[in-house]
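Right, one structure below, let's go through it.
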Amino acid sequence: MALVQAHCARREGRLKEHGQILLAHGGGGRMSRSLIEAEIAPRFGKGPLKGFPDAASLPDPDGPLVFTTDSFVVQPLEFPGGDIGKLAVHGTVNDICVCGGKPLWLSVGLILEEGLNISLLRRILDSLAAAADECGVTVVTGDTKVVARGQCDGLYINTSGIGRALPGFSLGPEMIRPGDAVLASGPLGDHGMAVLCAREAVLSGTGPMSDTGPVHRLVAAAADMAGAVRFMRDPTRGGVAAVVNEAVHGTPCGVALDEQNIPVSPATRSAAELLGLDILHVASEGRILLFCAPEACDPILTAWKAIPEGRNACRMGTVTADAGSVLLNTLAGGRRLVDMPQGELLPRIC
Amino acid sequence: MKYVDAFRDPAASRAVVSELASLAGKLRESGIRPAIMEVCGTHTMAIARNGIRDVLPPEVSLISGPGCPVCVTEPGYIDAAILAATRATVFTFGDMLNVPGSEDSLATARAAGADVHPCYSPSAALDFARANPARETVFLAIGFETTIAPVAALAAAAENGLPNFSMLTALKLVPPALAALVSDPAVHIDAFLCPAHVSAIIGSDAYAPFAGPGGRPCVIAGFEPLDILYGIRCILAQLADGQAFVENEYARVVKPEGNVKAQNLISRYMEPYDAAWRGIGVIPASGLRLRKQYGAMDAESRFGIRVEPGTPPTGCRCGDVLKGILNPPGCPLFDGRCTPENPVGPCMVSSEGACAAWHSYRRIAPAGKDA
Ligand code: SF4
């Protein structure tokens, strides 16, 4: 036993000693959280960053502003259903939307690698511009840097966004109550599986398509019931498992999901089976998970189903009084824990 | 696509589950409490992920077998792989990254600068070697028969004209491991739930030596929840009738003779040897390595590296877990010192490892019942 402890201490010691970041620290799971808790929260975790919302609320005389930033390093730069340009708009816009904001302005920072093909860059910028138009946001500032070959992988994008808080929403994990409904706006895991299949050249041509897309219309459609909406998140890195676990972490609530009702597209299901991945750990980039009071469930689903991006929306679970426990009622009739993903599931999908 | 869904139908599951209950009732009368070994790590994971144990009659127990390739790989192999990564670009299945070697893991070695790339398909290594002719490229070829077939195809593709490509092999065979288990007096197994994909290569006939009079039911099943439930149903029915034969529930893919083309390709490039299994020991003729004439493709001889047994982590009970003697929660380190973020043994790392499956998909006890 002492030897094992020495072994573990050695492992931990080595990490600390070299101050090494592992790819698993970027996976959106437990390792990401521990990095943020250890290194970011103590330095910046007060004020609007407290509790790490997807976007910060800033005081403004005309009503609160919502501010967020995100960086995009996905490989390949173009994948079935999207590209890094679109993704860079949707990622930031959606973070504003799920915090109950209406996105207005965007900054775009580009880091280009020497040798990047100019027509590829044009395609990506066109796609970024079209995505911004569709979401009703204006790119108001930006920056471009070029680094030597080998210092970045083709193209990285950072976007920051500012929006205005929509009236009526009062959101946060602390608002969640036992009995609340958990809704998904559409099939889950398409983005992560599409990128992975593209990168690994599995199922090319017949594989999943990324769901990258804006959620502003979905949030607007739920705004009639704003008072009954408790919490929203877009299940990106770490997937549904990470979002739901984080939502109830430290609250007196748990969640029971029904596998039967979890929307998954057939192509994504097949790809996940093939690669042995748990769909609940795989990212979406155009979906919302929404927690609401039970009476708001049907009206929100009806409103969502009336718009194209919400046509496969469904209720996939219920909030329980079982503190911190996220369970899945399986198709086979069993029950199991839905754990946070550990680390490096799909490196660089966003 | 409908295909997958047909094997996930809750109504069909319920029907099989009620059959299981009545078969278990029959067995109870004859005093049999069946212990079924699921040989393959993919089954282990699917069983945990789908909550299969919850719907089984209480007297039926499922025990995990040695069929997780990462779990049975010796720590010395990781050490050799890290050494290789100081001289070449190394491609590996992602599962291997966090497996502790004697000192480091490939993930910590990579963070310290070693050139290690996780991949899902071995052909990524080949593509890299083609695109970078000046760079030595090593593929970490670990796995069972399912992986050995593509690895042999890799050898065939690299044989002519890819002088910068080699493989560090730790390839293992399922039937010799089963033979070792059934002859071990400490191991108690009433039946085998046999792997789907491995069986597609080796064929259902490969299990004949373990069935028959005095043997055990061997049922080949797919990985969907209904496949697994139905496979267990076939096992219980055989036990209730006092039978022990090879039954192929996965006949949509598995043939009696297996995939002869793949077998021929494998034997052209590979030869059997007495391989060491982590926690189990050396099993005669249980591994495959490149034949001598393909030495240039063998990273060991190419770089003068030798895979030694290495130092297994003290206190880790992976060997007993792999033999089905111990369920993961029985290991004193389980969920304490040993978690997926800080794994002590490989069974906690691999996505097919029994300890990882028990940890990630912990069963939730219905109120008042033990998990
Ligand atoms: S819990 Fe960890 S230490 Fe124990 S047997 Fe499993 S992998 Fe080894």
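Predicted, not measured: the structure shown is a model, and the values here were computed from it. Chain naming here is simple, since letters A, B, ... match the order of the sequence lines and numbering starts at 1 in each.
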- Task: Give a yes or no on this: more than 12 heavy atoms of other residues, nucleotides or ligands lie within 6.0 Å of atom CZ of B:Phe93.
- Result: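 Result for CZ/B:Phe93: enclosed.
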- Can you establish whether the number of heavy atoms outside B:Arg135 located under 6.0 Å from its atom CZ is more than 12?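 Yes, because the 6.0 Å sphere around CZ of B:Arg135 holds more than 12 heavy atoms from other groups.
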To the nearest 0.5 angstrom, please state how far the [atom1] atom of [X] sits from the [atom2] atom of [Y].
X        : Y        : atom1 : atom2 : value
A:Asp278 : B:Tyr361 : CG    : OH    : 3.5 Å
B:Asp54  : A:Thr330 : CG    : OG1   : 7.0 Å
A:His281 : B:Ser360 : NE2   : OG    : 7.0 Å
A:Leu277 : B:Tyr120 : CG    : OH    : 4.5 Å

- Between B:Ala48 and chain A, which part of the residue has a heavy atom less than 4.5 Å away: side chain, backbone, both or neither?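 Answer is backbone: N, CA, C or O of B:Ala48 sit under 4.5 Å from chain A.
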- Task: Let me know if B:His359 has heavy atoms under 4.5 Å from chain A in its side chain, its backbone, both or neither.
- Result: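 Both backbone and side chain of B:His359 come within 4.5 Å of chain A.
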- Query: Any sub-3.5 Å donor-acceptor pair from B:Ser13's side-chain atoms to A:Ala332's backbone N or O?
  - Reply: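 No, because the side chain of B:Ser13 does not come within donor-acceptor range (under 3.5 Å) of the backbone of A:Ala332.
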- Determine whether A:Glu273 and B:Glu224 make a side-chain contact, defined as any pair of heavy atoms from C-beta on separated by less than 4.5 Å.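 Of all side-chain heavy-atom pairs linking B:Glu224 with A:Glu273, at least one is under 4.5 Å.
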- Message: According to salt bridge (Lys or Arg N to Asp or Glu O under 4.0 Å), who are the partners of B:Asp79, at least two apart in sequence or on a separate chain?
- Response: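 Result, salt bridge (Lys or Arg N to Asp or Glu O under 4.0 Å) vs B:Asp79: none returned.
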- Query: What are the residues of residues 241-261 of chain A, in order of number, with any heavy atom under 4.5 angstrom from a heavy atom of chain B?
  - Reply: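 The list, in residue order, reads A:Glu259, A:Gln260.
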